[in-house]
Amino acid sequence: MQSESETSVRVRFAPSPTGYPHLGNIRTALFNWLFARHHGGTFILRIEDTDIARKVEDAVEVILGSLRWLGLDWDEGPYLQSQRLLTYREFAHKLLDEGHAYSCYCSPERLETMRQEQVQRKQPPKYDRHCRDLTQHERTKVEASGITPVVRFKTPLEGETTFYDLIYGQVTFKHDTLDDFVLLKSDGYPTYHLANVVDDHLMAISHVLRAEEWLSSTPRHVLLYRALDWQPPHFAHLPMILGPDRAKLSKRHGATSIQEYQTQGYLPEAMVNFLALLGWSLDDRTELISREELTKHFSLERVGKTAAIFNKDKLEWMNGVYLRKLSAAEFVRHAMPFMDRALPKLTACPLDQNYVSQALSLIQERARTLAEVPELASFFFSDELQYDRGLLLKGRMDVKSAATAVTIAAQKLRDIATWDATTLEGMLRPLAAELDLKTGNFFGLLRVAVTGRTAAPPLFETMAVLGKGRCLRRLDLALELLSTCFN
RNA sequence: GCCCCCAUCGUCUAGAGGCCUAGGACAUCAGCCUUUCAAGCUGAAGAUCAGGGGUCCGAAUCCCCUUGGGGGCACCA
């Protein structure tokens, strides 16, 4: 920690806009952010948009939006690599001039058939270095035919590269398992390897925290740093987050993009808490931890090495915890957009704010995500309750006594002056005894009548919120439904 | 096929030689609370620490092998 703070910590999150950020991407962003904040360093956002073919139009927007949603604010950027093409070309040419790179004129077709043959022969697919040792004469000859070459790195043929990863420790790769990778594509854009190394150096990145899938390309990067006579940054590869099938997260894993979690009604704080625990832990017991505590305690030493399958059940549980921690007003503020989206007809007319907040406060404790709220609360907002009349007889009551019970209850309720939970309970509980009904059965019957469902918030509070008029109307409706049960 | 990484309950994890007859959390099951649901509380079940060899007085922890899983091997990132 001391050595880390000696030189200023500068980290970056460098997504490519070829898709929407998923849990793994965002976890990487989070760890970078936490690392920067913990050390009082700088968190930089860099968009690696060097693949024009795969670029997704609104991906950058979504990336920025997701980071903002989670409160992962950046100090510099977003830098766009597509606007720095000259810089990469400059260094590609420098490598060319200094003999660390060469122009390759091989056609994609040739490369493809070569690869196929190699795979068929069960050989590692590697570029065969066809153009590596072309004579000047050969070179000018091909160039005359108008082929635009790519620039390839001249990987040393022998020896090995070793680097120290802050999480995985010392890692060594033999050079003969590497090939001459492309630095500059024929369209003039750099590859990831070139752009990434150039930018990390130019932007004075001190620590590269990225997913473990990059571990095996790190030797290439180290080689590049050396060829350019630059000091490489510290590397820390983060364990992968896998889908339920243990494979790398991708589109086919359902909820892939982080923004889907937003629309499903997860709270950013819950998301941050959950993601932080995917690969990092404070101790042997802490599960709920605030952003402040996280930045205070975050350290690379407590990042694990094993890939994790993310556990949606646990996320849901945690989100429920965060939902319940909200004040009633905050809960309403968070839930309203979901209400509007799911129940546009019902919320179209201006609703009494007091009614809404009373209703939602009964829902708050029962929701695990905000997207569940409209469904859980819908009976508060619909005039015409729709339910199967059979529900009224759930308490294995016969139709007649059910009808009697509802009739008497409605009668008595009509005369109530103060409509609140306490009064309602004071009236209805003794009534159950008078009717010689178990409270469970009687209250269950009223619950269905009043909410249209067997599972709902506590009856008296619910009735108190619904109000006298609504309750009485619904009891009448129940009576009607019961009457249709006779024969 | 080659290279790299990893390996503790179903899942997330604690564990850096004796504190481990392996701890916590989610999920599961049971009980309590209770008008239902949810929440809460209590408890149960669940890991021969992948397997096999070493090292050591002593290993989940160190070493080796095997197996399994993942990742990489593009003019994609």
Side-chain angles (χ1 to χ4, degrees), chain A residues 14-19 48-51 53-54 104 106-108 111-112 115 118-127 148-152 165 168-169 171-174 176-179 181-187 189 191-193 195-196 211-219 237 239-240 242 244 246-248 274 277-288 301 304-318 320-321 324 363-368 376 394-395 425 428-429 432 438-448 451 453-460:
Chain A
S16 76
T18 51
E48 311 222 321
D49 52 348
T50 55
D51 186 343
R54 291 201 309 153
C104 168
C106 295
S107 68
L111 296 174
E112 184 51 36
R115 244 191 308 275
Q118 287 166 332
V119 171
Q120 247 170 40
R121 273 180 279 141
K122 299 200 186 266
Q123 307 246 295
K126 282 180 359 185
Y127 176 56
T148 324
V150 300
V151 176
R152 285 184 185 272
D165 185 273
Y168 288 99
V171 184
T172 302
F173 286 81
K174 291 195 174 61
D176 61 18
T177 64
L178 272 28
D179 70 350
F181 55 97
V182 173
L183 297 172
L184 204 60
K185 303 183 247 182
S186 57
D187 63 2
Y189 277 71
T191 59
Y192 169 84
H193 304 297
N196 194 264
E212 194 245 24
E213 58 185 314
W214 297 108
L215 192 60
S216 47
S217 48
T218 305
H237 288 89
M240 305 268 291
L242 273 20
R246 312 199 124 272
K248 196 168 142 176
F274 177 76
L277 259 23
L278 227 43
W280 177 88
S281 64
L282 176 63
D283 52 33
D284 62 340
R285 58 196 65 251
T286 306
E287 302 287 345
L288 268 12
E301 284 107 77
K305 300 178 179 182
T306 56
I309 298 169
F310 93 95
N311 184 193
K312 191 166 182 171
D313 281 341
K314 188 162 180 174
L315 206 212
E316 270 182 19
W317 161 77
M318 195 173 274
V321 172
R324 273 173 256 126
I363 299 305
Q364 181 168 8
E365 195 179 343
R366 292 164 175 77
R368 288 163 82 83
L376 290 171
K394 260 291 165 62
E425 179 162 14
L428 291 170
R429 197 174 283 281
K438 282 192 180 159
T439 51
N441 287 339
F442 182 47
F443 295 163
L445 172 65
L446 294 180
R447 175 175 305 105
V448 171
T451 68
R453 47 183 86 181
T454 53
L459 180 62
F460 310 120

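None of these values were measured; they are calculated from a predicted model. Labels below follow one simple rule: chain letters A, B, ... track the order of the sequence lines, proteins then strands, and each chain is numbered from 1.
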Residues at least two apart in sequence or cross-chain that pass side chain to side chain contact (heavy atoms under 4.5 Å, CB included) with A:A432, listed by chain then number, are A:T439, A:F442
Applying side chain to side chain contact (heavy atoms under 4.5 Å, CB included) to A:I309 and not counting sequence neighbours gives A:L242, A:R246
Open item on the list: Counting the atoms with a prime plus P, OP1 and OP2 as sugar-phosphate, which does A:T172 contact under 4.0 Å by heavy atoms, base, sugar-phosphate, or nothing?
Closed with: sugar-phosphate
Hits for ring-ring contact (aromatic ring centres under 6.0 Å, His included) against A:F181, two or more places apart or cross-chain, chain-then-number order -> A:F153, A:H193
Worksheet item: Between B:C76 and A:T50, is there an OP1 or OP2 to side-chain N/O distance shorter than 4.0 Å?
Response: no
Does B:G69 have its OP1 or OP2 closer than 4.0 Å to a side-chain nitrogen or oxygen of A:K305? no
Give each protein N/O atom lying under 3.5 Å from an N/O atom of nucleotides 48-51 of chain B, with the pair distance.
none

For A:R429, the salt bridge (Lys or Arg N to Asp or Glu O under 4.0 Å) test, sequence neighbours excluded, returns A:E425
For A:R368, the salt bridge (Lys or Arg N to Asp or Glu O under 4.0 Å) test, sequence neighbours excluded, returns A:E316
B/S/- along nucleotides 13-24 of chain B (protein heavy atoms under 4.0 Å) is SSS-------BB
Across all chains, not counting sequence neighbours, the side chain to side chain donor-acceptor pair (under 3.5 Å) partners of A:Y168 are none
Residues at least two apart in sequence or cross-chain that pass side chain to side chain contact (heavy atoms under 4.5 Å, CB included) with A:A14, listed by chain then number, are A:R12, A:R46, A:E48
Contacts of A:E112 meeting side chain to side chain contact (heavy atoms under 4.5 Å, CB included) (sequence neighbours excluded), chain-then-number -> A:R115, A:Q116
Contacts of A:N441 meeting side chain to side chain donor-acceptor pair (under 3.5 Å) (sequence neighbours excluded), chain-then-number -> none
Testing B:C75, B:U11, B:A25 for proximity to the side chain of A:K185, the answer is B:C75
Paired to B:U28 by Watson-Crick or G-U wobble criteria (both distances under 3.5 Å) is B:A44
Side-chain N,O (A:R368) to OP1/OP2 (B:A27) below 4.0 Å: yes
Close N or O pairs between protein and nucleotides 72-74 of chain B (under 3.5 Å):
unit_1 : atom_1 : unit_2 : atom_2 : d
B:G72  : OP1    : A:K248 : NZ     : 2.3
B:G72  : O4'    : A:S216 : OG     : 3.3
B:G72  : O2'    : A:S216 : OG     : 3.1
B:C73  : O2'    : A:P125 : O      : 3.0
B:A74  : OP2    : A:P125 : O      : 3.3

